[in-house]
Structures are given as structure tokens and as C-alpha cells.
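No hydrogens, no waters, no symmetry mates; every other heavy atom, side chains included, goes into these values. Remember, it's a predicted structure, so these values are computed and weren't measured experimentally.
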Amino acid sequence: MSRKYEEKLSVWVNFAVNRAVELSDSLSHEFVQPEHFLYGVLFQPPFQQTFKSNSNAFNLLKERLSLYLHSLEKDPFEHDGNVSFSYQYSEMVNLALQMKASAQSAELTIPQLLKAILLLEESSAAIFLENAIGDEAEFMANLISNYELMSGESGEDSDETDDFESNPDNAFGFAQGSFPTDEEQLGEEWKQLVMCVTDNLDQHNPLIGREAELDRTVQVLCRKEKNNPLHVGEPGVGKTSLVYGLAERIRRGQVPEKLKDCRIYQMEMGQMLAGTQYRGDFEKRLKEVMNGAIREGNVIIYLDEIHNIMGAGATNDGGPDASNILKPYLESGEIRFIGSTTYDEYNKQMARAKGIVRRFQQIDIQEPSVDATIKIIQGLQKNYEKFHRVVYRPESIEFAVKASDKYMSDRFLPDKAIDLIDEAGAYLQLHPTDKKTQYVTKGLIEQILQKVCKIDAVAMKEENNDALKTLYNRIGTKIYGQDEAIRQVVESVQMAKAGLLDDNKPLASLLFVGPTGVGKTEVARVLSQELGIELVRFDMSEYTEKHTVAKLIGSPAGYVGYEDGGLLTDAIRKTPNCVLLLDEIEKAHTDIYNILLQVMDYARLTDNKGQKADFRNVVLIMTSNAGAQYAGRASVGFGGGVGRGEAMLAQVKKTFKPEFINRLSGTVVFRDMDEPMARLILKKKLGQLEEKLEAKKVVMELSKDATNYLLSLGFTPEYGAREMDRVINSRLKPLLMKEILFGKLKKGGKVMVDCEPEESSKESRTDALKGSLVLNVQ
């Protein structure tokens, strides 16, 4: 530039131009571009001082410029000594000269040239600089100030300028003698794209146990060929911790000679892809990291979630992805790789890539046992106590591991147990106790577990059995005449609390059999209320067709509704502790019984996507009318001594498969309704109506005749108690409605419900039907 433009240039501009020319020459570029000039300015002290408060933006600017300059095509011909400037470079200088003339300044300065870069159209230098500086006016003001203070741009030389003139390369931080070569410029920049595991050991939990897996990893790393371990295991079992454990071993020197002083760098595909705008950016970054690791030597690259390399960086026109780019490096052995992934992702994305899989040695990382996890948590205990400033009781650690193993079935040890103790420590920070020392107790862990897992199971609580002790009586006050049925239900729940049932089965699997309207569904509803858990109800009449049954676990792949998931499995995941009511199950297609077999046997159900739902904290209740129509014939014919319940059970065995009945924890036969039972139900229904009237400040009383009248209409042995609601809705509520809306009960009051004498005759059903109720408002 100094040859072409006969203008006075500042010291900083001269050095920046010379560096731009040398950089272009060292990279074999045909033209000097604004990007070369900006890179020459990058290392000047005044420019760096402007970015002092935002080092991240400076580093990103340097990285983008470096990658851009190395992406430019190289000139295949040797230079003849003449410098060629690009059109954009010339435009940059012309704009800067116009600013110099307008400002009537004595010399061309760096701020004027950088302002000119920002005015260039379709310039990568302009884009990179604009993204880095933030507020342009503030940046330019600080830039001008720094150059005036640190140099002679105001006409006076400074110490910084003298040092810069006498040793410009060292002033930029380079080796003395020449502009840095390609390797010298970017020799360390590849480390900005990775994270050094070796340098971050103290920020990660130490590895406890896993000696066999760690020894196997070291053995694979010491191989001559295919020296790349692949850790495959479920999420949360400690795959990443294993790598940190290896780094700790290397730091202590407890490894073979081949791994002494080895450094581990973690490379993530997300970081590598971030900010890559043009084709080739990703590939150049990846090769930059690989070449940098080879130059450093004795390096291990850790690829967490290694399945992400499959397809990463690929383009629509068939460009190579990360896995294909890495194949030569995996094969050469110059760099060792450690990968980690889950079984699901391995099977989905990696198993078919034989060229990648064969270059790794698979090491299965199994979930640790409960005892091993307790030792792991005890080893981590001090770290969490120091972080949360709490003290963990010994029994709380053991309970956290065992309870998480039992109730958090969708996750794996030790991760889920660590989460529990971490949550408990965080809870005490938010809700500290009055005591000087904050203790994490077994009760607190239980409380956290209930919130995290949405489980309030009776079986989980080991204290406060008073609620269970009175459960029979409380249900008995709401369900009348079905004492035997209630007893079986309550005993099943109490058995689960006592820990006498199989842990891998639902709390109870009960089949309720009986005529319509005798309280089968009501028992399930009352049980959920008294236990304080949710009632999840499915009407099985909606699943009469074969294809509709698939909706419970999700439609197969390729069918409509595949993405929606399963209705039953999703419901149990949302409320894993509930009363699950499958109403009128005999109306469903017979395929439903096959689905329920594994639920009753193993408390597991797998949906169409392979995800499991846990039924271990579910009270499964199925209702059926099967055999009810034969109960009335129990005493007819030669088998006259057969009871109604036995007759119904005989029909149940014909309706349901033997393997289905065999997995039930109990079959509960409900009695037919009699008049005393119906009278109690009527009293209950009227009590519910009185509660609604209280909100309107209305007090209702029924005479004996009115009660008998409603009972005579609402009770039949064939139809049970459901008729009771219809009679109350059609005979009593319309009268009350008219009085409340338009009559004397607008502002409340007391009303007496009676029956006209001639209409209350009980001689026959026909006389009762002719009766009518009357209201006497007081």
C-alpha cells in the first residue's frame, strides 16, 4: 500500500500493512485482502486494549479470521516480488482516505481504516468485525482513544511505539524474525474448539469403583491398532466419570508408559458446528483439531455422545460427514479416541456403520448394584456436604439409594441416587431449619422422592400407619353392603405397605364382578380418594375393535397415531401412583388381556417406541358384569345348591383366559342390592344434595313418606342403585329448582319434602309410580 498510495501513514498502519503482505505471502494467496489487514491489526496493543472487557468477542474474531484466511485458495504460481491488492482492499483504502481528508488529519490511521472496513459491502472482514464490536460508536471512540494514548498518532511517539518499532514481532507476541507461519498462527487455536478434561479434573466428581472397566479401557488404549475404547451403557451409569477417572490415573502416573503425560480433550459436535456458515467451515475445523492433536502428540480425543458424528456436517449434495472425516485418524493410531453412547443410540445410529464400529473396542458399562452405589455416594458425600453446607445422615444415604432404585424405574444408578441427595441439599438451602447444622434426614429424602417421582404411595411410607388402620372403616361409611369386597381391597393395600407383596408386581390386581349398579366403580373411586391418589379410568367399551386396543400402547410404526404414543402408558408415566380402573373390561377386544398379562406379572408395559411404564405403584382394578345374568339362575335345576357368587365366578372363568385369571391377586364378587342397602344409598345421595343446597342457604328435610316414595321408585334388584340418581333428578330436583329460581327459596330458607297421602301407597309398584312429591317452604 505504501508503494501505491503516496500518503503519510501512521506507525501502526505501516506495521499492519507489512504484516498483511507477509501473511498473504506465507499462505500463498494471490491478493492481499481486507481480512489480511484486519488480522495484522488484531495483535496490536491498542486494538487488544479496546477488547479488554470482552475477551470472548476478541477470541471469536481471531478464530473466524483464521479459519477464513486458511479457507482461501492458494496461488499455484510463485510470486515475482510484486504485491497485488484486491479490489475490496483498494476500496477500503479509498474510503479511509476520504475520511482523512474530511477530518484534515496529518496521517492515515488504524481507526479510519477499520471504519472503512465496516463500510465495505459483502466483505467477510466487515461481517466479522461488526459481530465482534457491539456498539459501533462506543467501539470507535475507545479505539481512537487507545491509539492516541499508546502511540504517536497525535504526533508524539510513546514507549509502546518505540518497542513496537524496534521489535514488532515480539510486540505482537510472535517469535522474532518473521511473520508467523501457518502452524505458528494456529498451533494453539484448535484448543479453543475442545475442552481439556485433564485441566478440569477438580471441577468434576471423582470416579469411585469401576476398576474392571477402567483397566479394560487402559488396556485398549495401549494396543497398537484399533486402540479406541467405546463405552456403551445406559444414561447415568457413569460413562463420562470413567473418562475423568482415567485422566486422574494419568495425572497420578498410575498408567503404562505409553499413557504417561497423556492429555485428554473432549470434542463436541455442537461446538464444532456452531458458527459454521459456509461449506467447508466444519471440515476445516475438524481437521484443524485433528492436526493440532497430532502435532501435540500423546493426545486422547474424547467423543461424548459419539453417535452425533453420524451425519454431522453432511450437506444435501453428498458432502462427507464427521464420521467419514475421522476414519483415517481412527485407523492411523496417531490419535487415540474414546467414545461413549447409550445402547439405544448405538443401535439406531452406529450399529449399521460397520466402518466406524470396527475401529472401536466396545466396553459395556453396566448399572452398578445397590451396594456399589452406596459406596459411590459415600465417596461423594464430602463434596456435596461442602457445596450445600449440610450434613448427610448415614441412613439418609442408604435410603436414597434403595428408594431411588425401587421407585425411579425410568432412570439408572448412580445418577438417580446422586440427584436425590443433591436435591435434598438444595432444598435445605431454600428451606433452612432453625438448627445451626443442617441435617439431611431420611424423611427429607422421602419428601424429595415423592415430589420428583410423583409418588405418594402408601407402601413407601414407613411411619404413620393410622390412616391405613382406619381405611376399612372410612371406605365402609361410603360403600354399603359390600363388606367382603372392601375387606379384600383394603387387605391388598395393607399387604403392600407391610412389604409382604412381590416388589415387581402392582400393589394389587383385582377383578370386581357383580351386577350393574352395586358399587364396583364406586369402590375404586372411594379408594383413590381415601388413599389421596389419582383415579385413572379407562372405559373398555371404547376398545371393542382390534385396532383400537393398539391405542393403549401406541400405534405401530407407519400407522396413523404413531407419534401420539400410548394412552395407557402415557397416563401411568404422568401419574405412576394411582388407582387404575378398567371399567367393564369384558366389553374390550380379547387382545386387551394379552397386554395386561405383563402388567399383572411384571408391573411393566412397553409402548410402541420401546419406553417402559412402571406399574409397581398402581392399584389395578377391573370391573366386569360377566356372569351377572346367570346369578339369578343359581338355584334353578339340578344344581340348586349353587350360590349366586359361585354362579358368577363359573361364568367369569369361561369369559377370561386361565392365564389372565391366574395373575389376579383377587377376584371380588359384589352382592346383589337389597332394600337395606338401597336405603343407605338413598340417604347418601340425599346427603350430597343437601350439601349443594347449603351453598344456596337452603335447608331440606324429607318426611318418611317422601323417603319411602323415592326408595320405591329408585330401587330394583335388577338395576341396582343407578336408578336412584335418575329418580332424584326427575322427581325432586325440578321442584327445588323452581322454588330457588322463581319461588320462595330465592334468598334461602327451610323446605319440607312430603308425599301426598293418597300417592304414597305401598300396595303395589303401580301405585307408587302415580305418586308425586310436594314442597312445604317454611
Side-chain angles (χ1 to χ4, degrees), residues 1-21 23-24 29-54 56-69 71-72 83-151 153-154 275 277-278 281:
M1 186 173 101
S2 56
R3 299 178 186 176
K4 186 174 180 178
Y5 301 98
E6 301 298 331
E7 295 284 344
K8 183 177 180 181
L9 309 178
S10 72
V11 174
W12 298 110
V13 173
N14 265 320
F15 284 121
V17 172
N18 290 336
R19 292 302 173 265
V21 172
L23 177 59
S24 175
H29 290 163
E30 185 176 0
F31 297 101
V32 179
Q33 300 184 13
E35 290 76 17
H36 295 94
F37 179 81
L38 180 57
Y39 200 87
V41 176
L42 209 61
F43 299 96
Q44 296 184 1
F47 186 84
Q48 291 183 345
Q49 182 65 26
T50 310
F51 280 94
K52 186 175 181 180
S53 61
N54 195 355
N56 290 335
F58 177 82
N59 291 332
L60 184 60
L61 173 61
K62 182 172 71 170
E63 175 194 343
R64 288 181 172 177
L65 271 175
S66 301
L67 293 174
Y68 174 81
L69 290 173
S71 69
L72 298 177
V83 180
S84 299
F85 295 93
S86 69
Y87 171 78
Q88 281 195 333
Y89 189 97
S90 300
E91 188 179 2
M92 172 192 75
V93 175
N94 289 329
L95 289 171
L97 290 173
Q98 293 175 18
M99 295 178 203
K100 172 179 175 293
S102 299
Q104 297 182 352
S105 56
E107 57 187 14
L108 194 64
T109 65
I110 292 291
Q112 290 167 351
L113 286 162
L114 293 186
K115 178 66 175 178
I117 287 177
L118 291 171
L119 295 175
L120 295 176
E121 296 182 358
E122 298 182 359
S123 167
S124 296
I127 294 172
F128 297 154
L129 185 60
E130 184 178 353
N131 291 338
I133 63 177
D135 185 271
E136 182 180 330
E138 182 181 355
F139 171 79
M140 294 304 301
N142 292 334
L143 188 70
I144 293 170
S145 176
N146 288 333
Y147 271 97
E148 287 180 351
L149 289 173
M150 292 190 180
S151 65
E153 298 223 334
S154 58
Q277 300 178 2
Y278 306 105
D281 286 357

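Between V32 and Y89, the shortest heavy-atom distance links the atoms O-CB, 3.5 Å. The shortest heavy-atom contact between L61 and A132 is CB-CB, 4.0 Å. Here the closest heavy-atom approach between residue S10 and residue T109 is recorded as OG-CA, 4.0 Å. Closest of all the heavy-atom pairs between V41 and A16 is CG2-CB, 3.8 Å. Between L143 and F47, the closest heavy-atom pair is CD1-CD1, 3.9 Å.
Between the side chain of Q88 and the main chain of L120, no donor-acceptor pair closer than 3.5 Å is present. Looking only at distances, a side-chain donor or acceptor of S102 sits under 3.5 Å from a matching main-chain atom of Q98. A distance-only check finds a donor-acceptor pair linking the side chain of S66 to the backbone of K62 [under 3.5 Å].
You'll find the side chain of K115 reaches within 4.5 Å of the side chain of E136, heavy atoms only. Between E35 and S123 there is a side-chain heavy-atom pair separated by less than 4.5 Å. Contact of the P45 side chain with the W12 side chain is registered, since non-hydrogen atoms from C-beta on lie closer than 4.5 Å. Between V93 and F85 there is no side-chain heavy-atom pair separated by less than 4.5 Å. Looking at P111 and M140, their side chains come closer than 4.5 Å, going by heavy atoms from C-beta outward. By the 4.5 Å heavy-atom criterion applied to side chains, I110 and F37 are counted as neighbours.
For E138, the side chain to side chain donor-acceptor pair (under 3.5 Å) criterion is met by no residue, not counting sequence neighbours. Take S105 and apply the side chain to side chain donor-acceptor pair (under 3.5 Å) test, not counting sequence neighbours, and it matches Q112.
For the residue pair Y147/T50, the side-chain donor-acceptor check at 3.5 Å is not satisfied.
Under the 30°/60° scheme for interplanar angles, the aromatic rings of F51 and F58 are found to be tilted.
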